[in-house]
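Taking it in order: structure first as structure tokens, then the write-up.
Quantities reported herein were computed from a predicted structural model and do not represent experimental measurements. Within every chain, numbering begins at 1; the chains are lettered A, B, ... in the order of the sequence lines, protein sequences first and strands thereafter.
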Amino acid sequence: MKNTIADLISTAVKTLQDAGELPAELSPTIHVEHTKDKSHGDFACNIALMLAKPAKQNPRKLAELIVAHLPESDKVEKVDIAGPGFINFFQSAANLWSMLDEMLTRGKDYGRCTLGQGKKVLVEFVSANPTGPLHVGHGRGASFGSAVSNLLAAVGYDVSREYYVNDAGRQMDILATSVWLRYLEHHGATLTFPRNGYKGDYVKIIAANLASAHEAAFVQPIDSVMSDLPQDETEDGQGDKEAYIDALIARAKSLLGAEHYDTVHAFGLDDILQGIKDDLAEYRVVMDNWFSEKSLVSSGAIAHALEVLDKAGHTYEKEGAIWFRATAFGDDKDRVLVRDNGQTTYFASDVAYHLNKFERGFEWIVDVLGSDHHGYVPRVKAAISAMGKSPEQFTAMLVQFATLYRGSERLPMSTRSGEFVTLKDLYDEVGIDAARFFYVMRKNEQHMDFDLELAKKQSNDNPVYYIQYAHARVCSVLRQAEDKGMAFDQALGQRHLSLLTSSHESTLLTKLNQYSDRLRAAGNNAEPHMIAHYLLELATDFHSYYNAEAFLVEDEALRNARLLLISATRQILANGLELLAVSAPSEM
RNA sequence: GCCCCGAUAGCUCAGCUGGAUAGAGCGUCCCCCUCCUAAGGGGAAGGCCACAGGUUCGACUCCUGUUCGGGGCACCA
């Protein structure tokens, strides 16, 4: 509807320009918005105020000129000029009513649009290192990423969802070594666990599974494992935990041999990755693809990317390493691609990964990242430009951290230390609907406090139930209508929509009518929280209406008109909730 | 030191890409079930939109600076 009005105004402005009443060189962006106050109509436009100065005209007079040249439309009842020169549009009742009809006919598809023009977009999110189960810190990225994906799909993009699996590199070696040490303990060895190892209990479980699958195949005498190692970091800060864990990794590799080491490595990875997949599936996050970092090496993608950069002349050698000249593309400093020991860096993998995304035919690349990765964005953008791709086709959406509290106590969220609340623990306790809604209610760049106690204790006060309750109430009314032999007759209701004259009814109608614009805006800005807040407003209007008027009245014309209105409300609630992957129960 | 994000009611947060009188939930205080689910509704109180400048017909919104929080600045991943 906003677009319709914008078109009307645009036509009027053009007419005025052709008539020489307005300077022809003006090309104003027409901004139509929903009004806050009903006396201002349904939509308002500030175009006259915007144009007043460049056109050198009084804004009110200009508004009058524009209004006089607006084309006729059966969607608009009345146009007013108010205040300093706002043009207020009153929507025609017939138009509102036809919307209701459309909501029921199009059903689940109502509100979807073609803004994205079928453009292929890849949304990468979560992508947590597979060194431990997902914890509540990952929940926000998971909730936000999947909601954004759904939103983009709803406004017409061809969306693929992907998880980048960091299955190569040092962190995975640390995990493999941690598993192996726990495995040795399982077989009776006594040892002091490295300070920098993964200490979570899940590692012990993996080790036990490893022991039952391979029995004692990987047992080595503990003395040979622990002899001649550098000192681990102690309580008082002596020693070096990094050097120690690296030495242990090297020891594991040499004692086990490549084949056995890989078995242990893969065992830990598979176990954790499967857990992540299960948790996400249960949390209603469906990935289209799991992209392995390791595969970038085996497929030659890294070599390919390095070659592309090199051919473009954006690499150089210094101190035995190969560098990318990121500073030429706006980054703070140049970045190492290949270390002096010949190994490629994580950054090299990521350059290759992003090039690969483009080469797979995606026209828009979206990375949903934790805010701790922000410093990383400029260098990825730089690499994309350097490889001849357009940096405009890459968007990094940063999700700020959620700080976890239990009451007033701040909780640690470290995979390494093993002290964290898993995502599964969270949704098992507060419920998937509540958890998802809670995360997505806040806009992504807002820091959020997540108080576990509050979320658990007050799960009934969670706004998600308020919305779901509205949906369930409509379902219940419709069920009872049927039981009483007053089954909803849509056609009859349609013919009597003019009976919907109460203020609650017009408020609800107006709110329903806003859905498609709000969805479009939410999709355009990739801001799912706008949907969450819209649904809260809609539920509020509905509950208020519910308490003010009876639906199952004797007058069948009025009754069916009202049932039509609340059926449309139910549909919109269901559509909005589905975008957030929150269920819409028919009874509670 | 540099970079990113934030600061709005007692608390947690919205404010729709500069508009008309700044909103909601929780909490506090009143009131409403012989009636479609009270997981609901109606009302009250509660604000120097961190601070200071600037741009504008108009600023919570944009710009600059300051203060205070969160995060980041590797030949780690």
Side-chain angles (χ1 to χ4, degrees), chain A residues 2 29 31 33-37 39-40 44-46 49-50 52-53 59 82-86 88 129 131 166 168-174 242 293 318-323 332-333 335-341 343-347 349-350 370-378 398-401 403 441-451 454 458-463 465-466 468-470 472-481 484 486 514 517-518 520-522 524-525 527 529-530 532-534 536-537 539-540 542-553 566 587-588:
Chain A
K2 275 187 184 177
T29 35
H31 186 51
E33 59 183 14
H34 295 290
T35 53
K36 288 175 193 152
D37 188 328
S39 68
H40 298 140
C45 184
N46 60 356
L49 295 162
M50 302 280 289
K53 196 164 191 184
F86 290 106
N88 292 333
N129 279 347
T131 52
N166 295 120
R170 181 163 171 264
Q171 294 308 320
M172 284 308 299
D173 282 326
I174 296 177
E242 303 292 345
E293 182 188 356
K318 191 180 92 183
E319 294 162 4
I322 296 176
W323 296 69
D332 295 341
K333 42 185 119 172
R335 307 290 172 177
V336 172
L337 292 164
V338 184
R339 282 174 248 173
D340 55 8
N341 64 10
Q343 284 191 324
T344 55
T345 59
Y346 174 78
F347 176 58
S349 294
D350 230 34
S371 62
D372 54 337
H373 282 71
H374 93 268
Y376 190 71
V377 174
L398 296 178
V399 176
Q400 291 295 322
F401 278 9
T403 314
M441 224 167 54
R442 273 78 194 226
K443 69 180 172 203
N444 57 306
E445 64 257 28
Q446 175 71 257
H447 301 280
M448 81 186 256
D449 291 337
F450 201 126
D451 185 342
L454 211 68
Q458 299 196 331
S459 63
N460 274 1
D461 291 332
N462 191 310
Y465 294 106
Y466 183 79
Q468 290 181 319
Y469 185 40
R473 270 182 153 176
V474 177
C475 294
S476 169
V477 170
L478 291 173
R479 272 196 303 272
Q480 291 187 41
K484 293 181 179 171
M486 297 173 162
Q514 289 176 3
D517 287 335
R518 297 276 282 257
R520 179 184 283 265
N524 205 22
N525 301 328
E527 294 190 332
H529 78 277
M530 287 174 66
H533 285 273
Y534 171 80
L536 280 170
E537 291 169 28
T540 301
F542 170 76
H543 285 307
S544 183
Y545 180 35
Y546 180 96
N547 273 28
E549 312 278 358
F551 305 137
L552 300 178
V553 291
I566 66 170
E587 55 188 317
M588 290 175 73

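Atom OH in Tyr546(A) sits roughly 10 Å away from atom P in A39(B) (whole-Å rounding). Computed from coordinates, the Glu445(A) CD to G69(B) P distance equals 22 Å when rounded to whole Å. G6(B) atom P lies 12 Å from atom NE2 of His529(A), rounded to whole Å. Atom pair Tyr534(A):OH and C13(B):P shows a separation of 25 Å (rounding to whole Å applied). Here the P atom of nucleotide A14(B) and the CG atom of Asn525(A) are 14 Å apart, to the nearest Å. The NZ-P distance, from Lys36(A) to G19(B), rounds to 7 Å in whole Å. To the nearest angstrom, P of G23(B) lies 18 Å from NE2 of His34(A). G41(B) atom P lies 11 Å from atom CZ of Phe542(A), rounded to whole Å.
The backbone N or O of Val338(A) sits nowhere less than 3.5 Å from a side-chain atom of Thr344(A) that would complete a donor-acceptor pair.
Residue Ser476(A) is in base contact, counting any heavy-atom pair closer than 4.0 Å across all strands shown.
Nucleotide C33(B) carries a syn base; the chi torsion (O4'-C1'-N9-C4 or O4'-C1'-N1-C2) is within 90° of 0.
Annotation: G42(B) and A50(B) have their P atoms spaced 30 Å apart (nearest Å). On the P atoms, U66(B) is 10 Å away from G1(B), given to the nearest whole Å. With C1' as the reference atom, A7(B) and G15(B) are 15 Å apart, rounded to whole Å. One C1' atom belongs to U17(B), the other to U61(B), and the distance between them is 10 Å to the nearest Å. Comparing the P positions of C48(B) and A9(B) gives an interatomic distance of 8 Å, to the nearest angstrom. One C1' atom belongs to G27(B), the other to G46(B), and the distance between them is 11 Å to the nearest Å. Rounded to the nearest Å, the gap between the P atom of G69(B) and that of U64(B) is 22 Å. Across the P atoms, U67(B) and A74(B) are found 25 Å apart, a figure rounded to whole Å.
The shortest distance between the side-chain N/O atoms of Arg473(A) and the OP1/OP2 oxygens of A38(B) is below 4.0 Å. Regarding contacts with the backbone of G41(B), a side-chain N or O of Tyr466(A) is found under 4.0 angstrom from either OP1 or OP2. A sub-4.0 Å separation between OP1 or OP2 of G15(B) and a side-chain N or O of Lys443(A) is present. Within the structure, every side-chain polar atom (N or O) of His533(A) is placed at least 4.0 Å from both OP1 and OP2 of C16(B).
More than 12 heavy atoms of other residues, nucleotides or ligands sit less than 6.0 Å from atom CE of Met486(A).
The partner of C73(B), taking Watson-Crick or G-U wobble pairs whose two distances both stay under 3.5 Å, is G1(B). The partner of C51(B), taking Watson-Crick or G-U wobble pairs whose two distances both stay under 3.5 Å, is G65(B). For C26(B), the paired nucleotide is G10(B), the pair qualifying as Watson-Crick or G-U wobble because both relevant distances are below 3.5 Å.
Between His373(A) and Tyr376(A), the ring planes lie perpendicular to each other; the angle is over 60°, past the 30° to 60° tilted range.
Stacking between His40(A) and A20(B) is present: the aromatic ring centre lies within less than 5.5 angstrom of the base six-membered ring centre, and the two planes differ by under 30 degrees.
Minimum atom distance to the side chain of Lys2(A) is reached by C16(B), of the listed G19(B), C16(B), C13(B).
The residue among Pro84(A) and Gln480(A) whose nearest nucleotide of RNA chain B is located toward the 5' end is Pro84(A). Nearest-nucleotide mapping onto RNA chain B: of Asn524(A) and Met441(A), the residue sitting toward the 5' end is Met441(A).
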query: Nucleotide by nucleotide, 5' to 3', does protein get under 4.0 Å of the base (B), only the sugar-phosphate (S), or neither (-) in nucleotides 70-77 of chain B, counting heavy atoms?
result: BBSSSBBB

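Taking the ring axis of Phe542(A) as reference, the NZ or CZ atom of Arg473(A) does not stay both within 45° of it and closer than 6.0 Å to the ring centre.
Tyr534(A) pairs by the ring-ring contact (aromatic ring centres under 6.0 Å, His included) definition with Tyr515(A), not counting sequence neighbours. Checked against ring-ring contact (aromatic ring centres under 6.0 Å, His included), His543(A) has the following partners two or more places apart in sequence or in another chain: Tyr466(A), Tyr469(A).
Between Gln171(A) and Thr131(A), the side chains place no donor N or O within less than 3.5 Å of an acceptor N or O (distance only, hydrogens not considered).
Between Arg518(A) and Glu537(A) there is a salt bridge, since at least one side-chain N of the basic residue sits less than 4.0 Å from a carboxylate O of the acidic one.
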